[in-house]
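See below for the structure under consideration.
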Amino acid sequence: MPIPVDHLASIDSTNVEAMRRIAGGDRGPRWIIADEQTAGRGRSGRAWASEPGNFYGSLILPVAGRPAVAHHLSLLMGIAVYDAIVSIAGASAVSGLRLKWPNDVLIGQAKLCGLLPESTNHPDGTGLLVVFGIGINLITPPVDLGRPVAALADHGLSVTPDEMAAPLGTWMLHWLSLWRAGEGFDVIRSAWLERAGARGEPMQVNTGLGSTGRTGLGNTGLASQGAGPISGTFDGLDRDGALLLRLETGHVQRFTYGDVTLAAAAE
């Protein structure tokens with residue numbers, strides 16, 4: 001059955017509203033979608049711009065799994081968004097669509113989508129209640145971000161926020177069923193790598209993200225804490241989803257958090 005959608009004209013943040021709903025007893029599944037966010041949030045507390053006509057949504061889902069593996073969900077979200085866009089685009093699939101670690105969807109090297117998963121323990125002890133926050137530039141990319149940005153409309157794909165919600169929910173549920181509370185993460189890892197850049201792609205990682213250095217679902221392992229940018233080439237993901245960066249020395253550095261900049265995008 002379709003996931004119920006609450007479509008609001010304006011809200012401070014769909015993720016914040018979803019957490020309020022959870023505190024009030026909502027256990028999902030439910031979409032909270034807004035035409036406008038007045039205080040939208042991205043990863044590491046960054047503001048998320050709210051241009052008209054884009055997708056701003058948070059999906060409340062009960063998810064079986066332990067907090068220790070919840071960081072897998074950032075990668076899973078990216079796969080679901082990628083597949084939802086491809087399913088809508090059909091034969092006119094968006095050229096250059098790809099994933100970037102840990103939770104960005106790109107067209108080429110331009111940011112199309114931001115993802116912010118947040119979770120809390122399910123009150124009945126069966127797992128987690130997860131808020132999957134998704135922002136997709138459908139019509140207009142934000143300005144003054146200091147990085148390349150993209151919108152689907154500029155690549156020949158016209159879709160409304162409500163039209164986007166249904167396939168997003170379908171693909172989220174599909175990949176969660178394969179994830180199997182973390183036991184099936186190898187499937188998620190392989191699917192993510194198939195949709196990401198090739199090994200050997202030049203990139204930089206900056207781990208100077210403040211005092212915690214955590215992603216939305218709490219990746220707590222540390223790698224070169226406070227260092228960066230560190231240059232190297234993409235060497236895949238480890239068995240727990242951490243980024244592997246091959247340095248000029250040949251050493252492979254493992255990162256569980258950090259901002260990744262693709263080399264060509266930094267030029």
Side-chain angles (χ1 to χ4, degrees), residues 40 42-44 46-51 53-56 74-86 88-89 92-116 133-159 164 168 189-209 215-216 227-237 241-248 252-253 255-267:
R43 193 166 65 95
S44 302
R46 298 184 182 91
W48 181 261
S50 180
E51 303 293 337
N54 293 334
F55 183 90
Y56 312 108
S74 289
L75 301 176
L76 187 151
M77 288 176 72
I79 300 167
V81 171
Y82 180 105
D83 287 358
I85 292 171
V86 170
I88 292 172
S92 60
V94 179
S95 177
L97 188 67
R98 55 166 296 185
L99 303 179
K100 178 170 77 74
W101 189 91
N103 56 355
D104 283 340
V105 182
L106 310 180
I107 296 178
Q109 294 189 342
K111 183 166 181 172
L112 172 70
C113 170
L115 308 172
L116 182 62
I134 302 173
I136 307 175
N137 301 328
L138 302 180
I139 303 294
T140 308
V143 296
D144 299 328
L145 284 188
R147 68 183 71 178
V149 289
L152 288 177
D154 294 333
H155 293 264
L157 185 58
S158 177
V159 57
M164 194 78 240
L168 281 174
R189 177 179 174 272
S190 295
W192 190 93
L193 288 169
E194 289 172 1
R195 294 158 177 77
R199 276 182 166 83
E201 180 177 32
M203 58 177 53
Q204 294 180 337
V205 183
N206 191 334
T207 60
L209 299 179
T215 60
I230 300 170
S231 297
T233 57
F234 178 57
D235 203 48
L237 305 178
L243 174 70
L244 300 177
L245 186 74
R246 184 170 295 275
L247 309 181
E248 291 182 1
V252 176
Q253 177 72 56
F255 293 87
T256 59
Y257 69 88
D259 274 348
V260 172
T261 303
L262 303 178
E267 294 175 357

* Return the minimal non-hydrogen interatomic distance between T256 and A242, and the atom names on each side. => CG2-CB, 4.0 Å
* Any sub-3.5 Å donor-acceptor pair from N54's side-chain atoms to L138's backbone N or O? -> yes
* Value rounded to 0.5 Å, distance of CE in M77 from CG in L116 -> 7.5 Å
* Structure fact -> The reported gap from CD in E201 to CZ in R98 (rounded to nearest 0.5 angstrom) is 4.0 Å
* Does any non-hydrogen side-chain atom of N206 lie less than 4.5 Å from one of T261? -> no
* Asked: Got a second to check how far R195's CZ is from L97's CG, nearest 0.5 Å?
  -> 10.0 Å
* Structure fact -> Separation between CG (L157) and CD1 (I139), nearest 0.5 Å, reads 9.5 Å
* Using the side-chain contact (heavy atoms from CB on, under 4.5 Å) rule, take L106 and L262 through it: C-alpha gap first, then chi angles, then the decisive distance, then the call. => CA-CA 11 Å; L106 310 180; L262 303 178; 3.8 Å; yes
* Below 4.5 Å, heavy atoms only, C-beta onward: do I134 and C113 meet side chain to side chain? -> yes
* With the side chain counted from C-beta on, respond yes when L112 and I85 share a heavy-atom pair under 4.5 Å apart, and no when they do not. => yes
* Asked: Side chains of S74 and L115: does their closest heavy-atom pair fall under 4.5 Å?
  -> no
* Close side-chain approach of L244 and L237, heavy atoms under 4.5 Å -> no
* Asked: Taking all atoms of both residues into account, what is the closest heavy-atom pair of W101 and F255, and its distance?
  -> CZ2-O, 3.4 Å
* Any I107 side-chain heavy atom under 4.5 Å of L152 side chain -> yes
* Identify the heavy atoms of V149 and P141 that sit nearest to each other, and give their distance. => CG2-CB, 3.5 Å
* Which pair of non-hydrogen atoms, one from P102 and one from G258, has the smallest distance, and what is that distance? -> CD-O, 4.0 Å
* Asked: For the side chain of K100 and the backbone of V260, is there at least one donor-acceptor N/O pair under 3.5 Å apart?
  -> yes
* How far does OG1 of T233 sit from CG of L245, to the nearest 0.5 angstrom? -> 6.5 Å
* Considering non-hydrogen atoms only, spot the tightest contact between P229 and Q204 and give its length. => CB-OE1, 3.8 Å
* Under a 4.5 Å cut-off applied to non-hydrogen side-chain atoms, are L168 and I136 in contact? -> yes
* Asked: What distance do L247 atom CG and Q253 atom CD have between them, rounded to the nearest 0.5 Å?
  -> 6.0 Å
* Taking every non-hydrogen atom, the tightest pair across M164 and I88 -> CE-CD1, 3.5 Å
